Chemist: 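There's a structure below that I have some questions on.
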Protein chains: 2
Amino acid sequence: MGTTDDLRFHGGADAYLAACPSRQILDVLANKWTMLVMGALSGGPMRFGELRRRLDGITQKMLTQTLRTLERDGLVTRTVYPTIPPRVEYAATELGESVTTLMHGIRTWSEANINAVLDARDTYDVRAAQEVRPVTA
Amino acid sequence: MGTTDDLRFHGGADAYLAACPSRQILDVLANKWTMLVMGALSGGPMRFGELRRRLDGITQKMLTQTLRTLERDGLVTRTVYPTIPPRVEYAATELGESVTTLMHGIRTWSEANINAVLDARDTYDVRAAQEVRPVTA
DNA sequence: CGGTATCCTCTTTGATACTG
DNA sequence: CAGTATCAAAGAGGATACCG
């Protein structure tokens, strides 16, 4: 029992190690479009076109690419209704639902603390400008 | 009261809009190195070299760049002790601490569910391979 | 409608060398 | 130790055209 060529982990995953597979899924989650797609799907299934309109600024290519990755990783399901024109619905899987909560937290934080961040940026930028040419008089 | 050229928000931030500044912070947070840096700093201040060793695979350039961004956005403080050789410590600000919790959740999820994701990938890849050449016999 | 395929650009990142 | 600067390589992403 216990072949050594089993790439699965049994309690030792560490995303801080470059070679650990958990780093791969972290890369998928730590992505702007992943955050927004999963957040959008938290409210229930959505069609391709609905998602594209909801995610302002996303291109068709990026949306398709993001959805394919999420489907492959088992976070969303893709259901095709062979009507004319075609109807394709995306939905979070059970595994994906547990992610949407985390994504929602990040997005909510961003929206809630944007002003504090913008203020910090102003302060930082003003300081940086002063250091280049300190007031000498 | 209330000049119209105030770029700050007062309750209407929406990261789904490309032009909304909250999208910018989302971009900063939705980043592999940001996740790991903030996670590392959740345990207290760390020196530059410590962070570099902790974040396996990061280059000096990327670590510096990530830390500068986080400092500018008010999530991290940078303290220089003018000794020889120099000693520089990074620590999460109060604002940053509220982020580390979220980052920790994402990283923990990645480590806990990596096996489920790897299984999903296997299934997906096998299906994709079969579709190209279905078993006809 | 919901894609795929191609080309092309622009940003991100890595590698390397040098500095207070 | 903790950076900065520079150049080259890589890859992400956008625009466009076409398909079932």
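Only a predicted model underlies this, so the values are computations on that prediction, with no experimental measurement involved. Naming: A, B, ... by sequence-line order, numbering from 1 per chain.
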Chemist: C:dG3, D:dC1, D:dG3: which one has an atom nearest the side-chain heavy atoms of A:Tyr90?
Modeler: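 Nucleotide nearest to A:Tyr90's side chain: C:dG3.
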Chemist: Nearest whole angstrom, please: distance from the C1' of D:dG13 to the CG of A:Leu55.
Modeler: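 To the nearest whole Å, that distance equals 15 Å.
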Chemist: Write down the distance between CZ (A:Arg52) and P (D:dG14), rounded to a whole number of angstrom.
Modeler: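 Atom-to-atom, A:Arg52 to D:dG14, this comes out as 14 Å.
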Chemist: Protein within reach of the bases, or only the backbone? For nucleotides 4-12 of chain D, mark each nucleotide 5' to 3' as B, S or -, using heavy atoms under 4.0 Å.
Modeler: B-B------
Chemist: Hey, which sits more toward the 5' end of DNA chain D by its nearest nucleotide, B:Leu67 or A:Pro85?
Modeler: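 Final value for this comparison: B:Leu67.
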Chemist: Does A:Thr59 place a side-chain N or O at less than 4.0 Å from the phosphate oxygens OP1/OP2 of D:dG14?
Modeler: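 Yes, A:Thr59 has a side-chain N/O under 4.0 Å of OP1/OP2 on D:dG14.
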Chemist: Can A:Tyr81 be reached from A:Ile84 by stepping across I, L, V, M, F, W or Y side chains whose heavy atoms are under 4.5 Å apart?
Modeler: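 No: no chain of side-chain contacts under 4.5 Å links A:Ile84 to A:Tyr81.
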Chemist: If I take atom CG in residue B:Asn31 and atom P in nucleotide C:dT12, what distance separates them, rounded to the nearest angstrom?
Modeler: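 Answer to the nearest Å: 10 Å.
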Chemist: If you measure from CD1 on A:Ile25 to CZ on A:Arg23, what distance do you get to the nearest 0.5 Å?
Modeler: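 Rounded to the nearest 0.5 Å, the CD1-CZ separation comes out at 13.5 Å.
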Chemist: What is the separation between atom CH2 on B:Trp33 and atom P on C:dT13, rounded to the nearest whole Å?
Modeler: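 So the CH2-P distance, B:Trp33 to C:dT13, works out to 10 Å.
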Chemist: If we only count heavy atoms from C-beta on, is the B:Leu29 to A:Trp109 side-chain gap below 4.5 Å?
Modeler: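 When only atoms from C-beta onward are counted, A:Trp109 and B:Leu29 do touch, with a gap below 4.5 Å.
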Chemist: Nearest-Å distance, CG (B:Leu63) to P (C:dT12)?
Modeler: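 After rounding, the gap between these two atoms is 17 Å.
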Chemist: Would you give the length of the straight line joining atom CZ of B:Arg121 to atom OG1 of A:Thr69, rounded to the nearest 0.5 angstrom?
Modeler: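 It is 8.5 Å, given to the nearest 0.5 Å.
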Chemist: Name the closest nucleotide to the A:Arg47 side chain, picking from D:dG3, C:dC1, D:dC1.
Modeler: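 Nearest nucleotide to the side chain: C:dC1.
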Chemist: Please check if B:Tyr124 and A:Met38 belong to a single hydrophobic cluster, counting links between Ile, Leu, Val, Met, Phe, Trp and Tyr side chain heavy atoms closer than 4.5 Å.
Modeler: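 Looking at the clustering, A:Met38 is in a separate group from B:Tyr124.
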Chemist: Which nucleotide wins on minimum distance to the side chain of A:Pro86, given the candidates C:dC1, D:dC1, D:dG3?
Modeler: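 Of the options given, the side chain of A:Pro86 lies nearest C:dC1.
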Chemist: Could you see if A:Val126 belongs to whatever hydrophobic cluster contains A:Val117? Use Ile, Leu, Val, Met, Phe, Trp, Tyr and a side-chain cutoff under 4.5 Å.
Modeler: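 Not linked; separate clusters.
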Chemist: Angle between the end axes of the helix from C:dC1-D:dG20 to C:dG20-D:dC1, five pairs per end, to the nearest 10 degrees?
Modeler: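 Here the helix ends are tilted 60° relative to one another.
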Chemist: Rounded to the nearest Å, what distance is computed from the OH atom of residue A:Tyr81 to the C1' atom of nucleotide C:dG3?
Modeler: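 It works out to 18 Å between those atoms.
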Chemist: Give, for atom OG1 of B:Thr100 and atom CZ of B:Arg107, the distance between the pair rounded to the nearest 0.5 Å.
Modeler: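 The distance works out to 10.5 Å.
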Chemist: Rounded at 0.5 Å granularity, tell me how far OG1 in B:Thr34 sits from CE in B:Met103.
Modeler: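 Reported value, rounded in 0.5 Å steps: 7.5 Å.
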Chemist: Could you tell me how far apart B:Leu51 (CG) and D:dA2 (P) are, to the nearest whole angstrom?
Modeler: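 Between P of D:dA2 and CG of B:Leu51: 9 Å.
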Chemist: Expressed as a whole number of angstroms, how long is the span from B:Ile58:CD1 to D:dG3:P?
Modeler: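 Nearest whole value for this atom pair: 12 Å.
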Chemist: State the CZ-CG distance between A:Arg78 and A:Leu70, to the nearest 0.5 angstrom.
Modeler: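 CG of A:Leu70 is found 13.5 Å from CZ of A:Arg78.
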